[in-house]
Amino acid sequence: MELRPYQRDAVDAVWKHIAQSDTNPAVVLPTGSGKTHVIAEICRAAVQDWGGRVIVLAHVKELLEQAAGKLQAVAPDLPIGVYSAGLGRRDLGYAVTIAGIQSIYQRAHDLGPMDLVIVDEAHLIPPDGEGMYRRFLTDARDLCDHQRVIGLTATPYRMKTGTICSDDSILNEVCFEVGVRELIAGGYLCPLRSRAGKTVADTSELHVRGGEFVAGEVEDLMNTQGLVESACGEIVAATVDRNAVLIFASGVAHGLHVQSILKEQHGVECGFVCGQTPATQRDETIARFKAGGVGGLKYLANVNVLTTGFDAPNVDCVALLRPTLSPGLYYQMVGRGFRLHPGKDDCLVLDFGGNVLRHGPVDAIRLADSNAGTGEAPAKQCPECDALIHAAYAVCPECEHSFPPRQEAKHEAVASDAAVVTGDEGPTRHEERVVEVAYHTHRKRSDPLAKPTMRVEYRVGFNRWVREWICFEHTGYARRKAEQWWSKRSHEPVPSTVEEAVEWANAGALAPTLRVTTEKKPGDDWERVVAYELGDKPPRLEDPDNLPEPAIAYDGYGFDPDEVPF
């Protein structure tokens, strides 16, 4: 199995972090981007290259099955065990164990020492307390003092506490991240479009408990006869040309109500699954939905069971009949439509709960804080065509309506089409000849503890400069981008500090920049440098004794395998 470029970058970033730091890294990959492939390659390398032992933790059997299948494809000779009551297996003594946290959290000592613990859907690790993940990780660390934890997630934040990484958390730092928009542009994820429902529930009177709307109140609000009938009618009308429609309901009674209205008033069959659905019945219903076609299910409603771990690439419509204050839940629901599938051009998101307006596009989600409910909305609705668009747009990409300055986002309950990612509506681009380039060490005055960057200034006119910042001293994706930037311009090794980078740039180590292309998008305050025309790389500088120390690079990994702690 060949990894995609960003998957390979993610794997390399993990090993580099482990070799160069004693903290626990997190990898952020969008839903549908192939986290399981990354997990499988990390397991393979840990066992076959360094003789380590690994456990992969997940919370639903679908994720366990996916991990086992992908790992077997990557390394068919690798000894793999599965420990899951739901799958009827309790394997012990294997180099790689794939385990359900519910089954294994009290059994760490049965497994023996594990060098790596990989946690899929790592945002489920609680920030404190004595939950299942924390109990297992504490017991497992007692057996192996050099043990490292690697977390993978699409949503690296929690509703109440913000980011999952901090100095005092299980996971300490994001070592690699790639965004939704970047993968859509690269053809790895499916584009999204969104529509607001004609009848959208007013959530302003709902109470909040623990950072989320009170569940019973949400279901009572969404389960009114008029709203259910209107929503079902619009779902059917909007999905005539769709193949697989996944519906997120606000409760069991609500989901069953939706199912009955679709059948009685529209003559369409809708499956329904929830936590109380017997496992055999749930599996059969989901199998019919994934199969589609004759004898399959086009519509499937669910309550709390088909978010994380549900892989149905044929989903080309997601209907949100559940308002939520959780950015993670919003992302996970919408993310069910990210995956590519033959004949699938895009995924339609029907939002009846105001979630897009509340949280913003999925590639620009605004996290809740202590001032939740205040401030500028992350998305707005066009008053002409009712498109749901990013708040930064000055001109509607659907109807070309021009927004007056500081116009408030409105929520008219009228159906509309729009992208649920930020998208491009025609940024301003300029290609300009570079007259002069200057390199400086840049430190934030407002944050003396922030890592420095190299500020590169391009003079493109008599007194006009454009700038970019290169992050040599950062980690993860920012450092990797800095390495790529330097390698395109120089034969010298990549500097490890900003001071070294500036020194050698001013000494002539970099290729000349002949032209730059700048881009300014609606709502941006400054231009970004997005492309370059470079001259030839200069030869190596003559005095090798004065060269900066090279970034460690062995065997193509970007780290010394001898430094891996097992």
Side-chain angles (χ1 to χ4, degrees), residues 177-186 360-366 376-380 389-398 400-407 409 419 421-447 450-474 476-490 498 501-502 505-506 510-535:
E177 181 172 5
V178 66
V180 171
R181 187 177 176 193
E182 182 178 345
L183 295 190
I184 290 176
V362 292
D363 62 336
I365 290 176
R366 181 181 64 178
E376 183 182 1
K380 60 187 176 184
I389 59 176
H390 193 275
Y393 278 113
V395 177
C396 176
E398 296 295 313
E400 299 185 355
H401 167 76
S402 295
F403 291 90
R406 301 182 64 83
Q407 177 169 332
V421 292
T422 51
D424 286 330
E425 61 91 26
T428 302
R429 282 198 172 211
H430 298 286
E431 182 180 326
E432 301 177 276
R433 184 173 67 89
V434 175
V435 179
E436 179 184 354
V437 184
Y439 306 94
H440 307 277
T441 299
H442 179 81
R443 291 182 172 85
K444 289 185 177 181
R445 294 180 182 177
S446 60
D447 186 1
K451 295 178 180 179
T453 59
M454 183 170 78
R455 186 175 76 249
V456 185
E457 300 182 334
Y458 303 96
R459 186 159 72 89
V460 294
F462 175 71
N463 194 29
R464 178 171 135 71
W465 296 79
V466 294
R467 299 170 178 84
E468 64 178 341
W469 288 262
I470 313 301
C471 306
F472 289 99
E473 296 186 27
H474 288 59
Y477 190 56
R479 167 66 186 186
R480 183 164 296 280
K481 290 188 69 174
E483 293 171 349
Q484 294 171 347
W485 186 94
W486 183 272
S487 298
K488 289 179 180 178
R489 292 162 172 78
S490 181
V498 170
V502 171
N506 288 326
L510 301 181
T513 303
L514 308 177
R515 305 180 73 85
V516 293
T517 300
T518 61
E519 178 180 273
K520 186 175 183 181
K521 296 178 180 173
D524 283 353
D525 294 328
W526 58 83
E527 297 170 293
R528 303 176 188 273
V529 179
V530 296
Y532 318 84
E533 179 183 337
L534 303 175

Residue list, side-chain contact (heavy atoms from CB on, under 4.5 Å) with T441, at least two apart or on another chain: R443, P452, V498, E499, V502

Looking at every heavy atom in both [X] and [Y], which two are closest together, and how far apart are they?
X: F472; Y: A501; value: CE1-CB, 3.5 Å
X: R489; Y: L534; value: CG-CD1, 3.8 Å
X: L510; Y: S490; value: CD2-CB, 3.7 Å
X: C471; Y: A482; value: O-CB, 3.6 Å
X: G535; Y: A511; value: O-CB, 3.5 Å

Residues V460, V435; criterion side-chain contact (heavy atoms from CB on, under 4.5 Å); working and verdict: CA-CA 6 Å; V460 294; V435 179; 6.0 Å; no

Backbone of E483 reached by a side-chain donor or acceptor of S487 within 3.5 Å: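 Such a contact is found between S487 side chain and E483 backbone.
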
Hey, does [Y] have a side-chain heavy atom less than 4.5 Å from the side chain of [X]?
X: V434; Y: R459; result: no
X: T518; Y: V530; result: no
X: K481; Y: H474; result: no
X: T517; Y: V529; result: no

Side-chain donor-acceptor contact under 3.5 Å, E436 with W465: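 Side chains of E436 and W465: no pair found under 3.5 Å.
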
Gap between atom OH of Y458 and atom OH of Y532 - 0.5 Å precision: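 That separation rounds to 5.0 Å.
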
Pairwise distance CG(N506) to NE2(H440) - rounded to 0.5 angstrom: 8.0 Å

Intermediate values then yes/no, side-chain contact (heavy atoms from CB on, under 4.5 Å), W485 and R480: CA-CA 9 Å; W485 186 94; R480 183 164 296 280; over 6 Å; no

Sequence-distant partners of R455, salt bridge (charged side-chain N to carboxylate O under 4.0 Å, His left out), two or more places apart: E457

Salt bridge (charged side-chain N to carboxylate O under 4.0 Å, His left out) partners of E182, counting only residues at least two apart: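 None.
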
Short N-O contact, E431 and R515, less than 4.0 angstrom: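 Counted as a salt bridge, because a side-chain N and a carboxylate O are separated by less than 4.0 Å.
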
Step-by-step side-chain contact (heavy atoms from CB on, under 4.5 Å) determination, H442 to W469: CA-CA 8 Å; H442 179 81; W469 288 262; 3.6 Å; yes

Over 12 foreign heavy atoms within 6.0 Å of CZ, R433: no

